[in-house]
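Take a look at the structure set out below.
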Amino acid sequence: MSVRREGASTLGRLTLFLILVFPAAPLVPQALAQPAGQSAMSPAATAFLAASSRRIEDHFISEVVRITGASPAQVRRAMPDERRITSTASRLISALEVELGAPLPPGQQQAILEADNARKESLARAREAARQR
């Protein structure tokens, strides 16, 4: 009997500890919660955004190919993971320089930075258009 009581006591202490340590923990993860005033996108809007994003990324890759003379496969390999919190252009430039085996001239670097800014603006417009659908 004392073993059972001891186990229940440990569980009770653990529960109390968790309640005291995490008193304001939300019941719904923040990633799933919608910001106030915004509703979830419809399936059609989500599909529109996915297609637009793919088209914008493909255009950006073709611009970098045109600027650097690298192959599309080399540029795709050099593209940073989209989940990284970093500047796409600067990481792309660094990776392309490694891939190509030579530093990119400042003119090419500037052209890639401008193409990346245009890509970001296009993605923002696509997100806004999808929300309005």
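The first residue in the sequence is number 1, and the count goes up from there. Computation of the quantities below employed the complete heavy-atom set of this structure, encompassing side-chain atoms and omitting hydrogens, waters and symmetry-equivalent molecules.
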- Message: Run the side chain to side chain contact (heavy atoms under 4.5 Å, CB included) test against Ala126 and tell me which residues pass, sequence neighbours left out.
- Response: Leu49, Ser52, Ile56
- List in chain and number order the residues that pass side chain to side chain contact (heavy atoms under 4.5 Å, CB included) with Ser62, two or more places apart in sequence or in another chain; answer none if no residue qualifies. His59
- Give me the one residue out of Lys120, Arg119, Glu57 that meets side chain to side chain donor-acceptor pair (under 3.5 Å) with Thr88. Arg119
- Query: If you round to the nearest 0.5 Å, how far is CZ of Phe60 from CG of Leu123?
  - Reply: 10.0 Å
- Query: Of all residues at least two apart in sequence or in a different chain, which pass the side-chain hydrogen bond (donor to acceptor under 3.5 Å, both in side chains) check with Ser53?
  - Reply: none
- Task: Report the residues that fulfil salt bridge (charged side-chain N to carboxylate O under 4.0 Å, His left out) with Arg55, sequence neighbours left out, ordered by chain and then residue number.
- Result: none
- Message: Gln110: which residues meet the side chain to side chain contact (heavy atoms under 4.5 Å, CB included) condition with it, sequence neighbours left out?
- Response: Leu113, Glu114
- Message: Once salt bridge (charged side-chain N to carboxylate O under 4.0 Å, His left out) is applied, do any residues pair with Arg133, and if so which ones, sequence neighbours excluded?
- Response: none
- Item | Qualifying residues under side-chain hydrogen bond (donor to acceptor under 3.5 Å, both in side chains), relative to Arg127, sequence neighbours excluded | none
- Query: Does any pair with a residue in residues 96-105 pass salt bridge (Lys or Arg N to Asp or Glu O under 4.0 Å), and if so which ones, sequence neighbours excluded?
  - Reply: Arg77-Glu99
- Note on the structure: Asp58 meets the side-chain hydrogen bond (donor to acceptor under 3.5 Å, both in side chains) criterion, sequence neighbours left out, with Arg76
- Task: Could you pull out all residues at least two apart from Ser90 that satisfy side chain to side chain contact (heavy atoms under 4.5 Å, CB included)?
- Result: Ser87
- Message: Test of understanding: with salt bridge (charged side-chain N to carboxylate O under 4.0 Å, His left out), list the residues that count as partners of Arg66, not counting sequence neighbours.
- Response: Glu63
